[in-house]
Number of protein chains: 2
Amino acid sequence: MRKIPNDKEIIEFLKAAGLRATRQRVAIGQQLFLSEDRHVTAEQIHIESLQLGCSVSLATVYNVLHRFTHAGLLRELAIDSGRSYFDTNISSHQHLYFEDTAKLCDMPGDNIEIKAIPSLPPDTAISRIDVIIRVKNKTNSD
Amino acid sequence: MRKIPNDKEIIEFLKAAGLRATRQRVAIGQQLFLSEDRHVTAEQIHIESLQLGCSVSLATVYNVLHRFTHAGLLRELAIDSGRSYFDTNISSHQHLYFEDTAKLCDMPGDNIEIKAIPSLPPDTAISRIDVIIRVKNKTNSD
DNA sequence: GTGATTGCAAATCTTTTGCACTAAA
DNA sequence: TTTAGTGCAAAAGATTTGCAATCAC
């Protein structure tokens, strides 16, 4: 397997999150955390890993993405039934989803205001609020 | 098959939407449109249909729900990757999703305000804005 | 060494598809 | 009668699972 730079950084990062720094996790961590925020699917990461020369099974990609999510390093988004997206930006923010291309991106700024929260049943609390602005081509009649 | 009341109403309703009033569509239409707003999955409607004495195949349930959606009678929601919900309330509104029970309901009132829409690429327009308030049990650490 | 992690293949679950059959208009 | 709609079974995709092999610590 090819030597990818910045191993050290990622290894420290994973350990700080309480995760064992396996070869596969380090490689996926580099794909996710060394550049700007990303919105990826498991399939994407799998293909990308193989292209980068890191052999990982798809099952392990799912495993790693879910562990990263539980460790608070990723957020899983339901945008499209039938496919999960994982977002490396875990701060509170909103999304822009291009229906024609299935591309997802962060929305610049904080343009949504919650005026009032409805009263919730006892012992329940808000886990999070998802806002997705769905965009499509004007000429596309779908 | 059992005779269900209000056939006429639903038949007119479907025809007004440009849909042929087949036995299966009438039965599913009754489940969806004769009571208060509902949030259902295909599986739910399938089981419910069989319980009501209307034999429908699951493939037809999907077919019908999608046709209803294209005809503007339903809205399809991505709440949970891996399962589609269909909402009979097609007006602009927000959702409350109980993560522990996978129950979805409309949010009373209009508590979200969009302060500013980001500038979009040319020839694209907002299709819709989904807001989902995710709620979970306080004692549940998931 | 020991327990966590991985790989693989099979299983599961939701949704879609192809095609012959049926029914609405 | 004509064409849309249905049923079934099989296919397709995404994700999960079980278990033996492997690796991090």
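Below, read A as the first sequence line, B as the second, and so on, with proteins coming before strands; counting in each chain starts at 1. Computed from a predicted model, the values in this text were never measured in an experiment.
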* To do: Take the protein atom NZ of A:Lys15 and the nucleotide atom C1' of C:dA4, then report the distance between them rounded to whole Å.
  => 14 Å

* May I have the distance from B:Leu14 (atom CG) to D:dG5 (atom P), rounded to whole angstrom? => 11 Å

* Rounded to whole angstrom units, what separation is found between the CG atom of A:Leu19 and the C1' atom of D:dC25? -> 14 Å

* Donor-acceptor pair, side chain of A:Thr60 and main chain of A:Asn63, under 3.5 angstrom -> no

* To do: For A:Ile11 and D:dC23, give me the distance from atom CD1 to atom P, rounded to whole Å.
  => 16 Å

* Aromatic ring proximity, centroids under 6.0 angstrom, A:Phe86 and A:His66 -> yes

* Nucleotide C:dT12, atom P - distance to CG of A:Leu58 in whole Å -> 19 Å

* Asked: Does a side-chain N or O from B:Ser81 land closer than 4.0 Å to OP1 or OP2 of D:dT15, or not?
  -> no

* **Residue-phosphate contact under 4.0 Å: A:His66 side-chain N/O, D:dT16 OP1/OP2** => yes

* To do: Mind telling me whether B:Phe68 and B:Phe33 have parallel, tilted or perpendicular rings, with 30° and 60° as the class edges?
  => tilted

* Asked: Of A:Asn63 and B:Arg20, whose closest DNA chain C nucleotide lies nearer the 5' terminus?
  -> A:Asn63

* Asked: Is there a side-chain polar atom (N or O) of B:Arg67 under 4.0 Å from OP1 or OP2 of D:dG5?
  -> yes

* To do: Please state how far atom CD in B:Glu76 lies from atom C1' in C:dT14, giving the value in whole angstrom units.
  => 12 Å

* N or O in side chain of A:Thr60 less than 4.0 angstrom from C:dG7 OP1/OP2 -> yes

* To do: Respond yes when some side-chain nitrogen or oxygen of A:Gln24 is under 4.0 Å from OP1 or OP2 of D:dC23, and no when none is.
  => no

* What is the distance from CD1 of B:Ile45 to P of D:dT6, rounded to the nearest Å? -> 14 Å

Protein-nucleic acid N or O pairs under 3.5 Å, nucleotides 12-14 of chain D:
residue : atom : partner : partner atom : Å
D:dA14  : OP1  : A:Arg83 : NH1          : 3.2
D:dA14  : O3'  : A:Gly82 : O            : 3.4

* Does B:Arg25 make a side-chain N or O approach to OP1 or OP2 of D:dG5 shorter than 4.0 Å? -> yes

* Structure fact -> Separation between CG (B:Asp130) and CZ (A:Arg134), nearest 0.5 Å, reads 4.5 Å

* **Interatomic spacing from CG in A:Leu74 to CG in A:Leu32 - rounded to 0.5 Å** => 5.5 Å

* Asked: What is the distance from atom NZ of A:Lys136 to atom CD of A:Glu99, rounded to the nearest 0.5 Å?
  -> 6.5 Å

* Starting at CZ of B:Arg23 and ending at C1' of C:dA25, how long is that distance when rounded to a whole Å? -> 17 Å

* What is the ring orientation for B:His95 with B:His39, classed by angle as parallel under 30°, tilted 30 to 60°, or perpendicular over 60°? -> perpendicular

